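For reference, the structure is listed below as structure tokens.
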Amino acid sequence: MANLQAIRGMNDILPDQTLSWQYLEARFRQLVQRHGYREIRFPVLEQTQLFKRSIGEVTDIVEKEMYTFDDRNGDSLSLRPEGTAGCVRAADQHGLLYNQQQRLWYQGPMFRHERPQKGRYRQFHQFGVEAFGMAGPDIDAEVIQLAALLWQELELTEYLTLQLNNIGSAGDRKHYAAALTTFLLQHESTLDDDARKRMHSNPLRVLDSKNPEVQKLLTAAPLLADYVSAESKLHFAELQHLLTAAGISFVENPRLVRGLDYYNYCVFEWTTDTLGAQGTVCGGGRYDGLVEQLGGKPTLAAGFAIGVERLVLMLEELQKIPASALQLIDIYVLIVGDGLAAQGLELARELRLAYPRLGVISHCGGGKYNHQLKRAFASGASVAVILEATAADVTGVSELKIRRLDDSGESVTVPVQAAVAKLGEFLHISAS
RNA sequence: GUGACUGUAGCUCAGCUGGUAGAGCCCUGGACUGUGACUCCGGUGGUCGCGGGUUCGAAUCCCGUCAGUCACCCCA
């Protein structure tokens, strides 16, 4: 096994962690479904062309981060680096977008070939929602509010900041990019290599350069805000109004330019400073042109994606996972002595039947009293039920003991027939 | 793709200037003829990431490689 390891950047999620994941997944699923979003599932593998045409040829994702390879028949396939493209393809292919409104959500692994670091992995997971056929800004606001509600349920609101920007239409940005390039060309000598390269391939990305020299220069550069259409400004203003009315605070960030080409009008990001360098936990926006770009009828759309690993990291570091979500086992049945296996199994079955929400383990593998009690404590259960045979009882016992698994050691002895009811009393719950 | 740091038992780590490996935790058996966590004694468990090189001899030095961590880039 020593030389058979997981692929770099692809993590095994072990039992200690899956409880946190399940907690988060349950909260998210419940929330989106209460908002009328329906789940869609689509393949992990698609034609490479789908991602090139949606995300954009000159984006980092397509240029250097996709897992791309040839199928046996020579077709170029890629592991999905994000969810929106596949979601749109699937929805359109099956007619879900034909003159309809749709609220969809998805969940699953995505793949990008990047150098792993905290909060960034080659296989990572996203929750996403996509809403089609609505002109917004009301739907934009709905989608953002959905995320805000999730933070609230997870008690993360105070650690997250919403950033907004209006990036206009694709046409607006083309005009702006031309003006920006002209400006940059005039000051080429003060640019660094990175900026000089991007100036031609994707000039907007020069805007978020971290080089102070470049930033200084940019204070004199043309502003995107001067090039975006009046409609997009109206849309953006109305969205802000709706968010304010909903009590959702935000900051405008004119430098917020997302790495995927398909966005238009409003884009947004939720960021945190609790995760180190990878602070973006959720990103999204409106993408009205994408469906048509992929060959469908023009369809309005908006959505976002959440990074699951990053959220789990936040929840764990801030200790926001409720203890109840981490306790799987409530009752541990000790079976001490020979000949009690059948009675022990039956008792555990009855307990599970009576208390469907509780976890019950019945001890397997025998062992002495001490050994089994130690296991009971280790399981995290709050109560032990102790079946014990004396020399005389070889096929069953008539009494058992219920013992609290804490320092008090409080216990009661009851007839086996009364065990189910007595246990409920002990735990302050009632049988179903 | 670039950089810095790291890689010794399941886990956390020690091993000084080279002489073929230890501790704690965990697990397990027993001390106290049975009620976990305390104390004491014993036991299981390691190709020292992998591959080369230097050397009489390398966990320890050199090179390469793989992996981890964090950062750059970019994003979830």
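Only a predicted model underlies this, so the values are computations on that prediction, with no experimental measurement involved. Proteins get letters first, then strands, A, B, ... in listed order; numbering begins at 1 in each. Keep in mind that the numbers below use all heavy atoms, side chains included, and drop hydrogens, waters and symmetry copies.
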[N] - base-pair partner by Watson-Crick or wobble geometry, distances under 3.5 Å:
N	value
B/U55	none
B/C25	B/G10
B/U69	B/A4
B/U35	none
B/C40	B/G30

For [X], answer base if it contacts any base atom (sugar-phosphate contacts may also be present), sugar-phosphate if it contacts only those atoms, and nothing otherwise; contact means non-hydrogen atoms under 4.0 Å.
X	value
A/Y121	base
A/E114	base
A/G276	sugar-phosphate
A/L260	sugar-phosphate
A/Q278	base
A/G367	nothing

Under 4.0 angstrom between [X] side-chain N/O and [N] OP1 or OP2:
X	N	result
A/Q117	B/A71	yes
A/K368	B/G30	yes
A/H371	B/U35	no
A/R115	B/A71	no
A/R375	B/A37	no

- Counting only N and O atoms by type, is there a donor-acceptor contact under 3.5 Å from the side chain of A/E82 to the main-chain atoms of A/A85? yes
What integer distance in Å separates [X]:[atom1] from [N]:[atom2]?
X	N	atom1	atom2	result
A/D60	B/U2	CG	P	15 Å
A/F124	B/C75	CZ	P	12 Å
A/K118	B/A4	NZ	P	22 Å
A/R122	B/G68	CZ	P	8 Å
A/E65	B/U2	CD	C1'	14 Å
A/I7	B/C66	CD1	C1'	12 Å
A/Q5	B/C66	CD	P	12 Å
A/Y263	B/C75	OH	C1'	10 Å

Mind checking the [atom1] distance from [N] to [M]? Whole angstroms is fine.
N	M	atom1	answer
B/U47	B/A9	C1'	13 Å
B/U17	B/U6	P	14 Å
B/C48	B/G22	C1'	12 Å
B/A23	B/G19	C1'	22 Å
B/U54	B/U69	C1'	31 Å
B/G46	B/C63	P	31 Å
B/U20	B/U33	P	45 Å
B/U2	B/C13	C1'	31 Å

- Side chain A/K401 and base B/U35 donor-acceptor under 3.5 Å: yes
- Item | Donor/acceptor link under 3.5 angstrom from A/R120 side chain onto base of B/C70 | no
In terms of heavy-atom contacts, does [atom1] of [X] have more than 12 from other residues, nucleotides or ligands at under 6.0 Å?
X	atom1	value
A/R34	CZ	yes
A/Q47	CD	no
A/H35	NE2	yes

- Message: Closest-nucleotide mapping onto RNA chain B: is A/A6 or A/D406 further toward the 5' terminus? I mean the 5' end.
- Response: A/D406
- Name the residue closer to the 5' end of RNA chain B, choosing between A/A277 and A/V257 according to the nucleotide with the nearest heavy atom. A/A277
- Task: Give me the ring orientation class for A/F42 and A/Y106: parallel if the planes are under 30° apart, tilted from 30 to 60°, perpendicular past 60°.
- Result: perpendicular
- Message: Within the 3.5 Å criterion, strictly below it, is a donor on A/Q123 or A/Y67 matched to an acceptor on the partner's side chain?
- Response: no
From the set [options], return the single nucleotide nearest to any side-chain atom of [X].
X	options	value
A/N370	B/C66, B/C75, B/G36	B/G36
A/K64	B/A67, B/C73, B/C27	B/C73
A/D407	B/U28, B/G36, B/U2	B/G36

- Message: Are A/R286 and A/D140 packed together at the side-chain level, in the sense that at least one heavy-atom pair is separated by less than 4.5 angstrom?
- Response: yes
- Does the ring of A/F377 lie flat against the base of B/A37, closer than 5.5 Å centre to centre with planes under 30°? no
- Salt-bridge criterion met for A/R120 and A/E65 (N-O under 4.0 Å): no
